**Student:** 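Questions regarding the structure given below will be posed in turn.
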Amino acid sequence: MVRDEQISYEDVRAAAGRIAGDVRPVTVAPVDPGTFGPADGWLAYEFTQHTGSFKARGAANFTAAHRAAGTMPEAGVVIASGGNAGLACAWAAARHGIPATVFVPETAPPVKVAKLRRLGAEVRQVGTEYAAALEASREHIARTGALESHAYDHPLIAAGAGTLLEEIRAALPGLDTVVVAVGGGGLFSGVAAAAHHHGVRVVAVEPENCRALNAAIEAGRVVDVPVRSVAADSLGARRVTHMALDWARRAEAVSLLVPDEAILDARRALWDDRRLAVEHGTAAAYAALRSGAYRPAPGERVCVVVCGANTDPSDLVRPGE
């Protein structure tokens, strides 16, 4: 799907009013001095959000907006998702008694599939990549008339995600920089729209072999990229949204790549130092600071978004722990 819609800061503010009371306010926590070099470093614990990731914000906004407009069909909502967006869609639909059908790749983590079913969604597993699940979901929509949601390429989804930046900034007056992992670009677009309004720098971090935004910036247009990374289950979009590329330009975002080794190291560090069991995709943002890919200035107030924790933590626990 190619969308022409864009979002503005006003869309983020409208989303904030729409989902107030439905989502959990984000908690911010300081990092130990020196962790981010000479910077004043913080982590935004968005992984404690409903369904375990920031995706709940966009899903809540999407559902609330369609209910208010009277455009939610009896067939309910359908989404193709590697896991987190599907969980959020199922959660938001269940809150209002709306049927939800979620198409996921056969490679989706079992922990996410099990959670989808517990939320009452009908789960259909198709293919080995997101693209196959998306195609199957479109065929289902054509047959049933259900409403299509999207994991990231929709203005209501992106605007809902952007409400996170509003809360971070309220918690951290004088915020200079926010660091976010990027997959398809929904979180990035919403955060960038809000950050640009407030004069906050946005650092967009991707795995070296899942670089949809970075490649689009380099090419000057949206392009397809290979998907090969330990973080592919959440950051493995083959192309970024037009919204994301537009906001990368308008906000003059810093685009960085990190190797899988740095992601693995950052994920392990979050567990060892803080007992946070997060997804590989979540650890990518932290990896940018830990590896030195992003080097903040002395006194720079930096917040890294820890955006999702729907993972199997068994590989983090060392023998004897």
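This is a predicted model, so every value here is computed, not measured. Note that the numbering runs from 1 along the sequence shown for the chain. Keep in mind that the numbers below use all heavy atoms, side chains included, and drop hydrogens, waters and symmetry copies.
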**Student:** Do the side chain of Glu300 and the main chain of Asp40 share a donor and acceptor less than 3.5 angstrom apart?
**Tutor:** no
**Student:** Taking only residues two or more places apart in sequence or in another chain, which ones pass salt bridge (Lys or Arg N to Asp or Glu O under 4.0 Å) with Asp224?
**Tutor:**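 With neighbours one apart ignored, the set is Arg239.
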**Student:** Pair up each side-chain donor or acceptor in residues 51-61 with any protein partner under 3.5 Å, not counting sequence neighbours, and list the distances.
**Tutor:**
unit_1	atom_1	unit_2	atom_2	d
Ser53	OG	Lys55	N	3.1
Lys55	NZ	Ala151	O	2.9
Arg57	NE	Glu46	OE2	2.6
Arg57	NH1	Thr163	OG1	3.0
Arg57	NH1	Glu167	OE2	3.0
Arg57	NH2	Glu46	OE1	3.2
Arg57	NH2	Glu167	OE1	2.8
Asn61	OD1	Arg18	NH1	2.7
Asn61	ND2	Leu156	O	2.8

**Student:** Sequence neighbours left out, what passes side chain to side chain donor-acceptor pair (under 3.5 Å) with Ser137? Give chain and number order.
**Tutor:** none
**Student:** Regarding Ser255 and Arg211, is there a side-chain donor-to-acceptor distance under 3.5 Å anywhere?
**Tutor:**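 Not at all, the side chains of Ser255 and Arg211 share no donor-acceptor pair under 3.5 Å.
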**Student:** Using the test side chain to side chain contact (heavy atoms under 4.5 Å, CB included), find all partners of Ala269 that sit at least two apart in sequence or belong to another chain.
**Tutor:** Asp273, Tyr286, Arg290
**Student:** Under 3.5 Å, sequence neighbours excluded: what are the donor-acceptor pairs made by side chains of residues 90-110?
**Tutor:**
unit_1	atom_1	unit_2	atom_2	d
Arg95	NH2	Asp22	OD1	3.0
His96	ND1	Arg67	NE	3.4
Thr107	OG1	Thr128	O	3.0

**Student:** Please determine which of Asn209, Leu235, Ile263 meets the side-chain contact (heavy atoms from CB on, under 4.5 Å) test together with Val230.
**Tutor:**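 Among Asn209, Leu235, Ile263, the one meeting side-chain contact (heavy atoms from CB on, under 4.5 Å) with Val230 is Ile263.
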**Student:** Got a sec, which residues hit side chain to side chain donor-acceptor pair (under 3.5 Å) with Tyr9, two or more places apart in sequence or on another chain?
**Tutor:**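 For Tyr9, the residues satisfying side chain to side chain donor-acceptor pair (under 3.5 Å) (neighbours in sequence not counted) are Glu166, His198.
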**Student:** What residues, two or more places apart in sequence or in another chain, satisfy side chain to side chain contact (heavy atoms under 4.5 Å, CB included) together with Pro259?
**Tutor:**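 So Pro259 forms a side chain to side chain contact (heavy atoms under 4.5 Å, CB included) with Glu208, Glu261, Ala262.
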**Student:** Is any side-chain N of the basic residue among Asp176 and Arg301 closer than 4.0 Å to the acidic one's carboxylate O?
**Tutor:** no
**Student:** Please tabulate, for the side chains in residues 25-35, all donor-acceptor contacts under 3.5 angstrom to protein atoms that are two or more places apart in sequence or on a different chain.
**Tutor:**
unit_1	atom_1	unit_2	atom_2	d
Thr35	OG1	Asp32	O	2.7

**Student:** In terms of the angle between their ring planes, are Tyr152 and His150 parallel, tilted or perpendicular, with boundaries placed at 30° and 60°?
**Tutor:** perpendicular
**Student:** Could you check whether any side-chain heavy atom of Tyr294 comes within less than 4.5 Å of a side-chain heavy atom of Thr177, counting everything from C-beta outward?
**Tutor:**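 Yes, at least one pair of side-chain atoms sits under 4.5 Å.
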**Student:** Side chain to side chain donor-acceptor pair (under 3.5 Å) with Arg295: which residues, sequence neighbours excluded?
**Tutor:** none
**Student:** Could you tell me if Asp11 and Gln6 have a donor-acceptor pair between their side chains, going purely by distance under 3.5 Å?
**Tutor:** no
**Student:** Apply side chain to side chain contact (heavy atoms under 4.5 Å, CB included) to Ala219 and list each qualifying residue two or more places apart in sequence or on a separate chain.
**Tutor:**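 By the side chain to side chain contact (heavy atoms under 4.5 Å, CB included) rule, Ala219 matches Arg221, Val223.
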**Student:** Residues in ring-ring contact (aromatic ring centres under 6.0 Å, His included) with Phe62, at least two apart?
**Tutor:**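 Here the qualifying residues are His66, His154.
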**Student:** With sequence neighbours left out, what residues match Arg228 under side chain to side chain donor-acceptor pair (under 3.5 Å)?
**Tutor:**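 Partners of Arg228 under the side chain to side chain donor-acceptor pair (under 3.5 Å) test: none.
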**Student:** Taking 4.0 angstrom as the limit, do Asp315 and Arg267 come out as a salt bridge?
**Tutor:**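 Between Arg267 and Asp315 there is a salt bridge, with a charged N closer than 4.0 Å to a carboxylate O.
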**Student:** Can you tell me if Gln49 uses its side chain to pair, donor with acceptor, with the backbone of Arg24 under 3.5 Å?
**Tutor:**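 Answer holds: yes.
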**Student:** Are the side chain of Thr282 and the backbone N or O of Val278 linked by a donor-acceptor pair below 3.5 Å?
**Tutor:**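 Judged by distance alone, no pair lies under 3.5 Å.
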